[in-house]
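As a basis for the values below, the full set of heavy atoms in this structure was taken, side chains included, without hydrogen atoms, waters or symmetry mates. Note that the numbering runs from 1 along the sequence shown for the chain. One-based numbering, in listed order, for ligands and for the atoms of each.
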Amino acid sequence: MPLDFKQRFFRLLPAVDKILREKTLLEVGEKVPRGLIVEAVQDVIAEKRSFIRRAASANELELLDLSSAALAGEAQRKIEEKAGSNLRPVLNATGVVLHTNLGRSPLARAALEAIKAVGASYSNLELSLESGRRSSRYDHVEELLCRLTGAEAALVVNNNAGAVFLALNTLARGKEVIVSRGELVEIGGSFRLPEVMTSSGAALVEVGTTNRSYLKDYREAITENTALLLKVHTSNYKVMGFTAAVRSGSLVGLAREYGIPVMEDLGSGVLIDLSRYGLPYEPRVQDLVATGVDLITFSGDKLLGGPQAGVIIGKKVFIGRIKKNQLTRPLRVDKLTLAALEATLRLYLDENKALQEIPILRMLTLPVETLKTRAKGLAAELDGKVGSFCQVGTSQEKAKVGGGSLPQALLPSCQLTLRYPGISAGKLAERLRQARPPVIVRVKRDMVLIDLRSISEEDDRLLLDTVAGLLQEMDYENNGGMVRK
Ligand SMILES: *Cc1c(COP(=O)(O)O)cnc(C)c1O
């Protein structure tokens, strides 16, 4: 009689009050509001009831632990899940090193320490310790930026889009800015740079065609209303084939003839020549400064490998005017960002230190042989744990720099591959995304690829434990499972 065996298990379910008196939940009660705990316990009981209701035989239920201690444990896990942060660390196994949706660059240890020190305490953010007078928050990184780039002056704001906006608003509001049609880019989240620029109050005068612009195009567009010649790094795409673009140096020459400044939105901004490490050549910020460009803007959290910020460097006269613009205030950089940026920039004083300690640079320049060795070791260990029910292997697909920089750049890389018979790679990717910590992967040829190019070596152990743990859990579910979910 099916009803009878179910009744027996229903009667085994402890009362809510009894579960709430378990030690685990009493301890949780010191930190979490009671309402949340009661809700979690009720959810656990409801789940058990529905599980019992669906059971086809008593056998299926024999393994069920319905003690109040076990149910309290389950409730505690639910509470932890709910009370945990929404914004939390994930393992980036996508192979896209600068992944905008995953927060672009992880910070160097020195940057984290600086954030902690400045965040936990008062600081000399706007106080000169020498004179005891009020000072500017912008001073803390200006000298360092000038030293690293050769620029006369510098200013840091909230992000690079803000930097471009502020510079145009200061130098070109109500006037014309000449820019090549091939450089009017849309950046992530259908966010169009031309629209940011226009809202600064500057009128964009587009010259040339999508694939070709010449110096004479700029020259012909110059009028008495021209305030600026602008060059934008086409960071997330490349015009190929029959192309022509005007070099920064030539633009500077033209601008000098007419006494107007040149600005370049560099997007990413590198301080190290990465072509020495197998990446495509990107002009360094300091090379661009040397061509005489008057203002340069770039992000703090792209190839620089620091916190989100917009860096503006260039000639003193222009930076001085930008600093006085009232809009600097709504775009101002906060103290935690400044702390992290200063610490990151200091690492660049020694190039080798920067390459070792700035996570983005380390990941981008790691020899593929190292990745292969790691992948082999991890695959062998994973296979030992889950090989009886899941196919584990390695592959050598390319990884990407990403993040609106070096659009063509593919990096040699190495991946762990997973195939779980009976479960699609898409479904497996979804389960990995919901693991703790989440593991974000890509799917190719119905296989899950776990790319090690975007995983720091320090996280290899965590990656392995998380993936193995999840696969074992899935195996458990498959084998008559759900019993002790
Ligand atoms: C990424 C990028 C921006 C925007 O920078 P944020 O720091 O994300 O605001 C602007 N211009 C170019 C060319 C870019 O590549």
Side-chain angles (χ1 to χ4, degrees), residues 96-107 141 145 154-169 172 177 179-200 202 204 206 210 213 228-239 245-246 248 251 262-271 274 279-280 282-285 288 293 295-314 322 327-328 330-334 336-338 340-341 344-345 360 400-409:
V96 180
V97 177
L98 280 170
H99 199 304
T100 298
N101 299 356
L102 301 183
R104 289 195 187 152
S105 41
L107 295 175
V141 289
L145 278 167
L155 173 67
V156 177
V157 293
N158 181 65
N159 63 350
N160 187 35
V164 173
F165 174 86
L166 183 64
L168 291 180
N169 179 269
V177 173
V179 63
S180 158
R181 198 160 273 137
E183 296 174 354
L184 291 171
V185 295
E186 174 172 313
I187 52 182
S190 70
F191 200 64
R192 293 188 169 153
L193 226 39
E195 282 164 36
V196 177
M197 294 174 185
T198 310
S199 55
S200 73
L204 291 188
E206 299 171 27
T210 308
S213 299
L228 191 70
L229 303 188
L230 175 68
K231 202 167 157 58
V232 181
H233 193 279
T234 53
S235 34
N236 52 6
Y237 79 106
K238 204 168 181 81
V239 181
V246 178
S248 309
L251 221 47
V262 175
M263 171 164 132
E264 186 152 345
D265 171 15
L266 206 45
S268 211
V270 271
L271 296 173
L274 292 173
L279 286 139
E282 270 285 292
R284 300 176 311 164
V285 177
L288 202 59
V293 172
L295 282 174
I296 298 165
T297 71
F298 56 95
S299 289
D301 55 349
K302 289 186 180 169
L303 286 173
L304 195 72
Q308 177 190 304
V311 179
I312 314 174
I313 58 167
I322 296 173
L327 288 178
T328 303
L331 290 167
R332 97 175 166 181
V333 65
D334 101 300
L336 302 183
T337 304
L338 277 174
L341 184 63
T344 307
L345 291 171
I360 286 297
K400 281 187 194 157
V401 177
S405 49
L406 297 168
Q408 298 296 85

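Among the candidates V97, L304, V401, D301, the single residue satisfying the side-chain contact (heavy atoms from CB on, under 4.5 Å) test with I360 is V97.
Taking only nitrogen or oxygen atoms, main chain and side chain alike, H233 does not reach within less than 3.5 Å of ligand 1. Inclusion of L266 in the set of residues having an N or O under 3.5 Å from an N or O of ligand 1 is not warranted. Taking only nitrogen or oxygen atoms, main chain and side chain alike, R104 reaches within less than 3.5 Å of ligand 1.
The structure places OG of S199 at 9.0 Å from CG of L168, a figure rounded to the nearest 0.5 Å.
With a 4.5 Å cut-off on side-chain heavy atoms, M197 and V232 count as touching.
Residue contact check: A161 has heavy atoms under 4.0 Å from atoms 4 (C), 5 (O), 6 (P), 9 (O) of ligand 1. Every atom of ligand 1 with a heavy atom of S299 under 4.0 Å away is listed here by number and element: 5 (O), 6 (P), 7 (O).
Of all non-hydrogen atoms in V293 and S248, the two that sit nearest each other are CG2-CB, 3.9 Å. Nearest heavy-atom pair across S105 and G306 is OG-O, 3.0 Å.
Residue K302 touches ligand 1 through its side chain alone, judged by heavy-atom distances below 4.0 Å.
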